[in-house]
Amino acid sequence: MSDYLEGLNPEQRGAVQQTEGAVMIIAGAGSGKTRVLTYRIAHLMQKGVDSFNIMALTFTNKAAREMKERIAHIVGNTEAKNLWMGTFHSIFAKILRFEAHRLGYPSNFTIYDTDDSKSLIKAILNEQGLDDKVYKPGMVYNRISSAKNNLISPEQYQADVYIQEEDKSNAKPKMGLIYQIYNERCFRAGAMDFDDLLFKTNILLRDFPEVLHKYQDKFKYILVDEYQDTNYSQYLIVKKLAAKYENICVVGDDAQSIYAFRGANIQNILNFKSDYPEVKVFKLEQNYRSTKNIVGAANSIIANNQDQLEKVVWTANEPGEPIRVYKSLTDNEEGGIVAGNIFETKMNEQAHNKDFAILYRTNSQSRAMEEALRKLNIPYRIYGGLSFYARKEIKDLLAYFNLAINNKNEEALKRVINYPARGIGKTSLERMIVLANENSVSPWDIVANADQFKVQLGAAAAAKMSEFANMIKSFSIMLKAQNAYELSSHIATSSGLLKELYNDRSPEGVSRYENIESLLNSIKEFVDSEDEIDTLEQDLQNLEQGGAVDTGTGELYNNTNRIKTLDEYIKDIALLTDADKDDPADADRVSLMTIHASKGLEFNYVFVVGLEENLFPSHLSLNARADLEEERRLFYVALTRAKKRAVLTYSETRYRWGNLVVAEASRFIEELEEKYVEHAVDKRKQQAPTYLGMNRNPFTQERTEVFQKKEKPQPTVNPVVVPKGNFKKVSAANPVKNTTSDFVADDPALLQTGMDVEHERFGIGKIVNLEGGVNDIKATVFFQGLGQKQLLLRYAKLKIVK
DNA sequence: GTGTAATGCTATTGG
DNA sequence: AGCATTACAC
């Protein structure tokens, strides 16, 4: 049971066993950090620390989940379940929901995502008559975000002479006012943005000593992963919570600090010693992940940075092969080289798709890679970019859900009040909002009480308005009475949204419809899942009652008959990212992601693409040394993801904004110590088709096209892939691009009641009834998850499954 | 009020 | 190139 200590090196073991007091673990890339964290928590529990008293803050929810599983293997599932583990945002959102009333918020407050926030900012700019070309919404958002991350309230912001000067000299003197109005509007809407989750937690701990003491006593042991990427707001939360027992353990690597742009403060790790003078420091310097060449190359890069803690990462692993560098003429060719390389490696080294990662600086670089991979039929999955929950149709439906849960949610109201179109136009809506602002209430209060507020509306518009309000009210009433699936399908149908999407026959429309389907399916899964109720919620309640915590599997948690409601499903959805999803169907795919998103991951083969000046390092970071050093750390992170092989590519030309731009190799390539590098030539290039007689000027597009035409695989003759089972799941990274083209219906005359059939949009269903004449057959088909549909076979195509 | 065509902006990185 | 906003016709 305790032989887990055996497999650790002395430094790692020290870090695990030093359970008391302040501990800082400087963990180089690939040094077994996760193992140490996992064992440390397990060790705490074996020493008798109650799992309810441990909080571990991780960088992603997925990391927390995985760590929990590993701990469960050591100490057992029941105990592991009670650990408080997750991201700052999700952990403190949970606490905030519990304590919201103290701050004047409802416990079912909405979490605004970035889109919501920006849309609100736009609305405010409009109302204030400010030019959104001067006050760019994204820029305003960032400014507000950074104020919040530094715990500067709107009042402080406007009172701060230095900030005011800064804004004035940037010709944006109204920034503070916007911030103030933005905050008021969020409050009135019962909404918090991402930064509020941390800001309000700070307020809570600052203004309510009894709350502070409660959580100080609860979280006797605190662990923070990726400490180098915490911002001031997070830093202070941790510091306050740890102030009583000072059992705080932070893990990080200054060399991997890559989130300064969103407020992360590398000083948090550099200054940890002055905050806790008694701190015990452990340095994990042995890399178990990568070859000597990779470690050496990475070290040679980071040596170019001035700001760093003293640390020597080394490895006992094999030398391995040099870092390969490929040059291409165009970004498409770059994709071809990478895809071709993956293809070959798979053949020659029996590698799996999941062993490969393609990492890039900006999301927009993924396209060329995707196309190249598709050509070679290599399955891939994109992480990041547009997340599933950020899709328009998903956001629309979620907006209905959110509005039902929290009527005051202004952004949700604006989104759906006239979608699908129900005759409540822009002018009416604007009038509502003006009135709401005049009365300091939320727009919903006006919509729901139009008569009281004497809204000037035509009879027709007024009727539509109250019809809409009644519909939303009816949803709200059903919240606790129906389970999440019943209610969500009801909303999807009776809002008219499903019909609206169904009527769109374009491939995109079909895809949108299927995405909605996929969302409803996942809600169904949520409802059907046996999983325990949120023990943490229970934990908080016990804490409130001051009672002893039941750590067993006792009746406290026995809740099998409980209805799983929609608000539970929706709660933290804004906090989910692609990285948090684990779809078994994605198990063996090449991973495509930004380097930022790759933090903490590892792959046998890593391709870092687009190593060009102005792209990586980004043109926006060339002016300040600190920014450039962050880019360099980013490159360090990219390289150290690789276990066996790292390949770097750059292109001499690249499309940006639809224009061909000339590029030169990144300075980072030169900074690599020469002995670790091999400048490779792609095979395809050795046999460069001079005979084509084309202009070989790399800056012309034609050449690339010829090159590509040659590469194009023969169109597959007949894709005899018969989709089986249930609906095709549409993941964010794997949207259905076009499903209309290949769908061939069977002759309606062959259909019989009881048959399983497939509909191109609804998927598989069972024929319940057939009626009507030969040319006018009407089929009633039951589709799992959608219910019965009447289909006129003159129009609807049905394929017989069995 | 609604739907479509023209215009204009964007693409660091993300919870 | 792709998307969101705007302008304009109905």
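Chain A is the first sequence line, chain B the second, and so forth, proteins listed ahead of strands; every chain is numbered from 1. It should be emphasised that the depicted structure is a prediction, and the values quoted were computed from it without experimental measurement.
- Residue S428(A) is classed as a sugar-phosphate contact, given heavy-atom separations below 4.0 Å to backbone atoms only.
- In this structure, D132(A) places its CG atom 10 Å from P of dT10(B), rounding to the nearest Å.
- Looking at residues two or more places apart in sequence or on another chain, you find a side-chain contact (heavy atoms from CB on, under 4.5 Å) between K239(A) and Y235(A), D275(A), Y276(A).
- Backbone-only engagement by K122(A) is indicated by non-hydrogen atom pairs under 4.0 Å involving sugar-phosphate atoms exclusively.
- When heavy atoms are screened at a 4.0 angstrom cut-off, Y141(A) is found touching base atoms of the nucleic acid.
- Among the heavy atoms of the strands, none lies under 4.0 Å from D113(A).
- As judged by a 4.0 angstrom heavy-atom cut-off over every strand, T427(A) is placed among residues touching the sugar-phosphate backbone only.
- By the side-chain contact (heavy atoms from CB on, under 4.5 Å) test, T427(A) is found to be paired with no residue, residues two or more places apart in sequence or in another chain being considered.
- Using a 4.0 Å heavy-atom cutoff across all strands shown, K599(A) reaches no nucleic acid atom at all.
- With hydrogens and angles left out, the side-chain atoms of Q256(A) and Y636(A) include no donor and acceptor closer than 3.5 Å.
- Residues K136(A) and D132(A) are not paired through a salt bridge, judged by the lack of any N-O separation under 4.0 Å between the basic side chain and the carboxylate.
- On the nucleic acid side, DNA chain C contacts chain A at distances under 4.0 Å to non-hydrogen atoms, with the end points of that region at dG2(C) to dT5(C).
- Within the structure, the side chain to side chain donor-acceptor pair (under 3.5 Å) test picks out the following pairs touching residues 607-618 of chain A (sequence neighbours left out): E612(A)-R654(A), E613(A)-R667(A).
- K136(A) comes within contact range of the sugar-phosphate backbone alone, with a heavy-atom separation under 4.0 Å but no base atom that close.
- Residues satisfying the side chain to side chain donor-acceptor pair (under 3.5 Å) criterion with D193(A), sequence neighbours excluded, are K148(A), Y182(A).
- For residues 250-258 of chain A, proximity to DNA chain B is found at no residue, defined as any non-hydrogen atom under 4.0 angstrom from a strand atom.
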List, with names and distances, any nitrogen or oxygen atoms from the protein found under 3.5 Å away from nitrogen or oxygen atoms belonging to nucleotides 2-4 of chain B.
| from | atom 1 | to | atom 2 | distance (Å) |
| --- | --- | --- | --- | --- |
| dT2(B) | OP1 | G423(A) | N | 3.0 |
| dT2(B) | OP2 | N418(A) | ND2 | 3.0 |

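- Partners of E467(A) by salt bridge (charged side-chain N to carboxylate O under 4.0 Å, His left out), not counting sequence neighbours: none found.
- When the C1' atom is used for both dT13(B) and dA4(C), the distance is 22 Å, rounded to whole Å.
- Checked against side-chain contact (heavy atoms from CB on, under 4.5 Å), V134(A) has the following partners two or more places apart in sequence or in another chain: D131(A), K172(A).
- With sequence neighbours left out, the salt bridge (charged side-chain N to carboxylate O under 4.0 Å, His left out) criterion links K414(A) to E410(A), E411(A).
- In terms of the salt bridge (charged side-chain N to carboxylate O under 4.0 Å, His left out) criterion, D195(A) has no residue partners (sequence neighbours excluded).
- Using a 30° and 60° split on the angle between ring planes, F109(A) and Y105(A) fall in the perpendicular class, above 60°.
- Taking atom CZ on F194(A) and atom P on dG15(B), their separation rounds to 8 Å, with Å as the unit.
- If you check every strand for non-hydrogen atoms under 4.0 Å, S364(A) touches a base.
- Among the atoms of the strands shown, only primed sugar atoms or phosphate atoms (P, OP1, OP2) are found under 4.0 Å from some heavy atom of Y259(A).
- Among residues two or more places apart in sequence or in another chain, the side-chain contact (heavy atoms from CB on, under 4.5 Å) test is passed with A461(A) by L457(A).
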